[in-house]
Amino acid sequence: MLTTQQAAERLGVKPQTLYAYVSRGLITRVRAADGKGSLFAAADVDALAERGTTGRGGAGAAEPAAAPAIRTELTLLEDDRLLFRGRDAAELAERGTFEATAVWLWTGRDEPDARFAPPAARLREAVRACADALPASARIVDRFKAAVLAASVADPLSLDLRPESVVATGRAMVGALLAAVPERGPSATGTAGESVAERLWARLSPDEPSARALRALDAALILLADHDIATSTYAARLAASTRANPYAVVTAGLAVLDGPLHGGAGALARRVLVRAHETDPVAALAATLRERGSVPGFGHALYRTRDPRAETLLRLLEPLPDPRGLRAVTAELVQVAAERFGAFPNSDVALALLAELCAFPPDAEEAVFALARTAGWIAHALEEYAAEPLRHRPAGLYTGPRP
């Protein structure tokens with residue numbers, strides 16, 4: 001293991017760039033024994049140095065340097081813990097609400113009774129008209145994209161980037177996203193007193209939710225609200241750095257989220273879970289490995305031994321009815337993955353189990369993820385609006401023919 005100074009000198013970079021490599025999963029970092037500093041895996045540092053990733057086009061350089069780390073006060077990933085502005089996300093998920101978590105991320109204010117009102121009738125009609133124009137095959141996330149477009153066009157003050165205005169836009173946008181999805185059951189009244197979790201549930205299930213099921217859905221929204229500078233979050237911050245309005249910021253985030261390696265990972269994990277239930281866990285893992293070369297739902301680049309989001313959500317799912325024995329199947333998957341791959345379950349497999357236990361539609365995992373992460377994108381936009389504009393400009397390294 002190397003100290004921060006040793007690792008930075010070996011790579012010829014500043015400490016903040018070193019931590020950027022850690023966030024990208026290129027270097028393993030652990031807390032020093034004294035609890036005050038960090039140590040970095042020498043093998044990872046040497047491998048990175050040999051690849052020439054720190055060069056600016058000099059001899060042996062294979063890639064451009066990593067972009068400088070983005071300073072943020074929002075989310076800390078450390079020692080396999082996830083914290084939002086210093087608060088443990090797992091603890092927030094146990095007792096809090098998605099709305100209170102969003103307000104905490106946006107403002108740093110504690111509003112445990114926060115509620116996001118449904119959109120006014122005129123906006124709701126515009127959003128629904130835009131979303132309903134999509135073909136029947138459209139996913140819920142496609143409806144979210146249409147909702148953001150409709151809400152943006154309907155907002156004449158969309159370029160008001162003052163913090164209080166952006167927060168108000170964030171509240172309204174969550175309501176617009178929900179309004180774009182038809183209710184599946186009679187339980188949703190669309191009143192201001194309903195929580196986001198209640199309104200989302202009515203769009204994912206025709207059944208009345210139990211208190212524990214609703215708690216689990218709310219917890220999933222909280223745990224997925226932000227995750228440092230994930231790819232979709234980076235896209236959202238890039239948009240905000242150009243002073244794009246909050247609707248464009250969320251559109252950028254949704255565009256990058258829309259892929260099997262990010263927002264679609266939950267659906268892939270759900271297929272593994274269903275396959276394991278229909279056959280057996282070992283056979284499901286073997287078939288998935290043959291098809292994909294990896295197993296969705298297990299392991300994570302930023303956690304070493306556990307994903308706290310998965311642990312928390314799986315624990316909250318324990319009291320839910322399970323007539324098909326899906327929890328036992330999940331437990332066996334987890335055991336086999338740990339024994340054979342040394343991998344732990346991540347949030348995707350926990351989200352997949354939530355969707356199966358609650359009989360949500362096939363695209364529910366992506367919808368929960370996208371709705372939750374909207375809160376994070378708005379929080380990151382607020383940080384970018386307060387920073388110097390156009391500050392993100394990674395250097396390219398030309399590899400084509402020269403004149």
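Side chains are part of it too, since the values below use all heavy atoms of this structure and drop only hydrogens, waters and symmetry mates.
Judged purely by atom type and a 3.5 angstrom limit, His392 has no side-chain atom pairing as donor or acceptor with the backbone of Ser241. Using a distance-only test at 3.5 Å, with no hydrogens or angles considered, a donor-acceptor pair links the side chain of Glu383 to the main chain of Glu73. In this structure a side-chain-to-backbone donor-acceptor pair under 3.5 Å is missing from Asp218 to Thr97. Trp201 places a side-chain N or O within donor-acceptor distance of the main-chain N or O of Asp207, the cut-off being under 3.5 Å. Side-chain atoms of Arg85 come within 3.5 Å of backbone N or O of Trp104 as a donor-acceptor pair. When atom types are taken as modelled, the side chain of Glu366 and the backbone of Asp363 share no donor-acceptor pair closer than 3.5 angstrom. Remark: the backbone N or O of Val148 is not paired with any side-chain donor or acceptor of Ser152 at under 3.5 angstrom. A donor-acceptor contact shorter than 3.5 Å links the side chain of Arg327 to the backbone of Leu317.
Taking OG of Ser205 as the start and CG of Leu200 as the end, the distance is 10.5 Å to the nearest 0.5 Å. Residue Leu11 holds its CG atom at 5.0 Å from CD1 of Ile27, rounded to the nearest 0.5 Å. Taken to the nearest 0.5 Å, the OG atom of Ser232 stands 3.0 Å off from the NE2 atom of His262. Once rounded to the nearest 0.5 Å, the distance linking CG of Leu302 with CG of Leu77 reads 6.0 Å. To the nearest 0.5 Å, the span separating OG1 on Thr101 from CG on Leu221 amounts to 9.5 Å. Atom CG of Leu371 and atom CG of Leu177 lie 6.0 Å apart (nearest 0.5 Å).
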#### Entry: Derivation of the side-chain contact (heavy atoms from CB on, under 4.5 Å) call for Tyr303 and Leu82
CA-CA 10 Å; Tyr303 296 115; Leu82 173 65; 4.0 Å; yes
### Query
After noting the C-alpha distance and the side-chain angles of Thr242 and Leu390, does the key distance pass the side-chain contact (heavy atoms from CB on, under 4.5 Å) rule?
CA-CA 5 Å; Thr242 71; Leu390 296 172; 3.8 Å; yes
### Query
After noting the C-alpha distance and the side-chain angles of Glu194 and Arg199, does the key distance pass the salt bridge (Lys or Arg N to Asp or Glu O under 4.0 Å) rule?
CA-CA 7 Å; Glu194 282 188 321; Arg199 286 148 64 192; 5.1 Å; no
### Message
Apply side-chain contact (heavy atoms from CB on, under 4.5 Å) to residues Phe144 and Thr374 and explain how you reach the verdict.
### Response
CA-CA 10 Å; Phe144 285 174; Thr374 297; over 6 Å; no
### Query
Going through the distances and angles, do Leu354 and Leu316 end up as a side-chain contact (heavy atoms from CB on, under 4.5 Å)?
CA-CA 10 Å; Leu354 168 67; Leu316 291 173; over 6 Å; no
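Applying the salt bridge (charged side-chain N to carboxylate O under 4.0 Å, His left out) rule to Glu9 yields no partners; only residues at least two apart in sequence or on another chain are considered. Residues satisfying the salt bridge (charged side-chain N to carboxylate O under 4.0 Å, His left out) criterion with Asp155, sequence neighbours excluded, are absent altogether. In this structure Arg10 satisfies the side chain to side chain donor-acceptor pair (under 3.5 Å) test together with Asp46, sequence neighbours excluded. Under the salt bridge (charged side-chain N to carboxylate O under 4.0 Å, His left out) criterion, Arg212 pairs with no residue, sequence neighbours left out. By the side chain to side chain donor-acceptor pair (under 3.5 Å) test, Glu99 pairs with no residue at all, sequence neighbours left out. For Arg270, the salt bridge (charged side-chain N to carboxylate O under 4.0 Å, His left out) partners are Glu356, Glu365, not counting sequence neighbours. Residues forming a side chain to side chain donor-acceptor pair (under 3.5 Å) with Tyr385 (at least two apart in sequence, or on another chain): none. For Glu94, the side chain to side chain donor-acceptor pair (under 3.5 Å) test picks out Arg315, with sequence neighbours left out.
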Show me the donor-acceptor pairs, under 3.5 Å and distance only, between side chains in residues 169-176 and residues at least two apart or in other chains.
unit_1	atom_1	unit_2	atom_2	d
Thr169	OG1	Ser165	O	3.0
Arg171	NH1	Arg115	O	3.2
Arg171	NH2	Glu111	OE1	3.3

Pair up each side-chain donor or acceptor in residues 330-345 with any protein partner under 3.5 Å, not counting sequence neighbours, and list the distances.
unit_1	atom_1	unit_2	atom_2	d
Thr330	OG1	Leu326	O	2.9
Gln335	NE2	Glu339	OE2	3.1

Under 3.5 Å, which donor-acceptor pairs link side chains of residues 252-260 to any protein atom two or more places apart or in another chain?
unit_1	atom_1	unit_2	atom_2	d
Asp258	OD1	Arg139	NH1	3.0
Asp258	OD1	Arg139	NH2	3.3
Asp258	OD2	Arg139	NH2	2.8
Asp258	OD2	Lys145	NZ	2.5

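Within the 4.5 Å cutoff, the side chain of Leu39 has no heavy atoms near those of the Leu2 side chain. Side-chain contact between Arg237 and Thr72 is present, with at least one heavy-atom pair separated by less than 4.5 Å. The shortest side-chain heavy-atom distance between Thr233 and His227 does not fall under the 4.5 Å cut-off. Side-chain atoms of Leu161 and Pro246, non-hydrogen and from C-beta on, do get closer than 4.5 Å to each other. In this structure, Val329 and Arg324 have side chains that are not in contact, with every pair of non-hydrogen atoms separated by 4.5 Å or more. Side-chain contact between Arg304 and Arg29: absent, with no pair of heavy atoms (C-beta onward) separated by less than 4.5 Å. Residues Leu268 and Asp348 have side chains not in contact (no heavy-atom distance under 4.5 Å, counting atoms from C-beta outward). Between Thr288 and Pro296 there is a side-chain heavy-atom pair separated by less than 4.5 Å.
The two residues Glu384 and Ala240 make their nearest non-hydrogen contact at CB-CB, 3.5 Å. Counting all heavy atoms, side chain and backbone alike, Leu134 lies closest to Ala146 at CD1-CB, 4.2 Å. When all heavy atoms of Ala269 and Gly297 are compared, the closest pair comes out as CB-CA, 4.0 Å. Of all non-hydrogen atoms in Ala8 and Pro15, the two that sit nearest each other are CB-N, 4.4 Å. The heavy-atom pair separating Leu357 from Pro321 by the smallest distance is CD2-O, 3.8 Å. Between Ala154 and Leu123, the closest heavy-atom pair is CB-CD1, 3.9 Å.
Ion pair Arg309/Asp307 flagged as a salt bridge, since at least one NZ, NE, NH1 or NH2 atom sits closer than 4.0 Å to an Asp/Glu carboxylate oxygen. Using a 4.0 Å cut-off between charged side-chain N and carboxylate O, Arg87 and Asp110 make a salt bridge.
Using cut-offs of 30° and 60° for the angle between ring planes, the Trp106 and Phe116 rings count as parallel.
Within a 6.0 Å radius of CZ in Arg306, more than 12 heavy atoms belonging to other residues, nucleotides or ligands are found.
Judged as a salt bridge (charged side-chain N to carboxylate O under 4.0 Å, His left out), the pairs with a partner in residues 276-301 (not counting sequence neighbours) are, in order, Arg275-Glu291.
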